[in-house]
Amino acid sequence: MSNESADRAAALCTDYQMDTYARTATLVRGRGSRVFGPRGNQYLDFTSGISVLALGHAHPAVTEAIKTQAETIAHCSNLFFNETVGQLAEKLHKVGLGGKCFLCNSGAEANEAAIKLARLWGGANGGRFEIVCMENSFHGRTMATLSATGQRKVQQGYDPLLPGFRFAAFNDLESVRAAVTDKTAAVMLECVQGEGGVVPATEEFVRGVRALCDEKGVLMICDEIQCGMGRTGTLWAFESYGVKPDAFTAAKALGGGLPLGALVASPALSSVFTPGSHGSTFGGNPVACAASLAVFDAFDKEKTLENVARQSALMRRGLEGLVEKYPQLLEVRGKGLLLGLVLKEPRAGELLDELRAGGLLACKAGPSVVRFLPPLNVSDADMEEALEMIADSLDALFGE
Ligand SMILES: *Cc1c(COP(=O)(O)O)cnc(C)c1O
């Protein structure tokens, strides 16, 4: 493809899509950890489609599963049973909380389902409807999920917000305790906040929230949309804290690149929804479910979680060396392969531009944090190359 087609992609998207994203490059094709632009230019992709492509681009088993299912039956609606869909539900039962799931298409929808479930459950258990959420959390862009999000910038202009959400300071158990009332149905949190700046919860906090929820008879709901699916080193982030929530939500990497979300519940919450109380036309689409099954399968076959531990250690060590070298850097934060390089000043955007110019794609998590989300099967060689690119970019930005 030519220069013109690069400009054409940008022109078409800019002219005909609403202006909701600050987009930077045109991508045509992806393979593994790499993506290619229209001029044959290539990047190492440490965004993984914002934590969606756990196995990188075009993983052969995922692609094959998508093709086969698309040729068999691509959609049948939830008016009918389908075995691929059922197999994914069984998988989520086994690797989840031993209960049932509700399948949908995105993270926001999974959290919507969690909020609705908490309200149905709370209504039947003492008229409880409030949900305690965390400051700096991110739960999505629908009206309910942005109302649950602890970031004013996401809510700006959309008042009145949905009532019934109270906020507590993340990693401050007393603040959660103070926010819980006799109207509280659930406490909802990310064990590692992603969009909110790559901030892991402390072990005392997550365990404390679990104990508090038990004490008060309140549900604990984990948003595993970004930190789950192996991203932080265990299949679900809550596992590394030694607790089990009453329900959790998954999306992003769940569908192997296709739109898929899930609300996964404990047995006690698996019959709160009844026929007609919730639904979705596309939710649990067989092609997305087939892709998801292929991802879980590859995690086992390729020992993906072991690679997360290995690459996380490599990346953390590399980034920490850079923090020592550059006084403009504050620290490395995160868990597994959800790592944030924190700058002392709000210059994450400048660093991202520099990285992209050098051939590495990464994300932001607020104005001062560059967030790295490499594929979970990234190789040693690609990790080393990325660390060199980061070093070069810091040198270009901060070196004398
Ligand atoms: C991305 C994200 C969501 C929203 O997911 P969408 O698929 O964009 O609706 C919700 N919660 C967390 C923690 C996320 O990272």
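Order of appearance sets the numbers: ligands from 1, and atoms from 1 within every ligand. Counting from 1, the numbers follow the sequence of the chain as shown.
Nearest non-hydrogen protein atom to atom 15 (O) of ligand 1 is Lys252 NZ, 2.6 Å.
Taking the charged nitrogens against the carboxylate oxygens, Lys325 and Glu320 have no contact shorter than 4.0 Å, which rules out a salt bridge. Comment: Arg177 engages Glu215 in a salt bridge, judged by a side-chain N to carboxylate O separation of less than 4.0 angstrom.
Inter-residue side-chain proximity for Glu130 and Thr181 is flagged as met; some heavy-atom pair is nearer than 4.5 Å.
Below 3.5 Å of separation, one finds an N or O of Gln226 facing an N or O of ligand 1. Considering both main-chain and side-chain atoms, Gly107 comes within under 3.5 Å of ligand 1 through a nitrogen or oxygen pair. Of the polar atoms of Ala108, at least one N or O is found under 3.5 Å from an N or O of ligand 1, judged by distance alone. Any N or O atom pair closer than 3.5 Å counts here, and Asp223 shares at least one such pair with ligand 1. Checked by distance only, ligand 1 and Phe138 come closer than 3.5 Å through their nitrogen or oxygen atoms.
In this structure, the ring of Tyr43 has its center no less than 6.0 angstrom from the ring center of Phe36.
Here the closest non-hydrogen pair linking Ile225 and Ala250 is CG1-C, 3.9 Å.
Residue contacts with ligand 1 for Arg141 are absent, since no atom lies close enough (heavy atoms, distance under 4.0 Å). At a heavy-atom cutoff of 4.0 Å, ligand 1 is contacted by the backbone of His139 but not by its side chain.
In the model, Gln226 has no side-chain atom that pairs as donor or acceptor with a side-chain atom of Glu190 under 3.5 Å.
Atom CG in Leu162 sits 8.0 Å away from atom CD in Glu112 (nearest 0.5 Å).
For ligand 1, the atoms sitting less than 4.0 Å from at least one non-hydrogen atom of Asn111 are 10 (C), 11 (N), numbered in the order shown with element in parentheses. Annotation for ligand 1: atoms under 4.0 Å from non-hydrogen atoms of Glu190 are 13 (C).
Distance remark: protein heavy atom present below 4.0 angstrom from atom 11 (N) of ligand 1.
Figure legend: Lys335 and Tyr241 shown as a cation-pi pair, the cationic atom lying under 6.0 angstrom from the six-membered ring centre and within 45 degrees of its axis.
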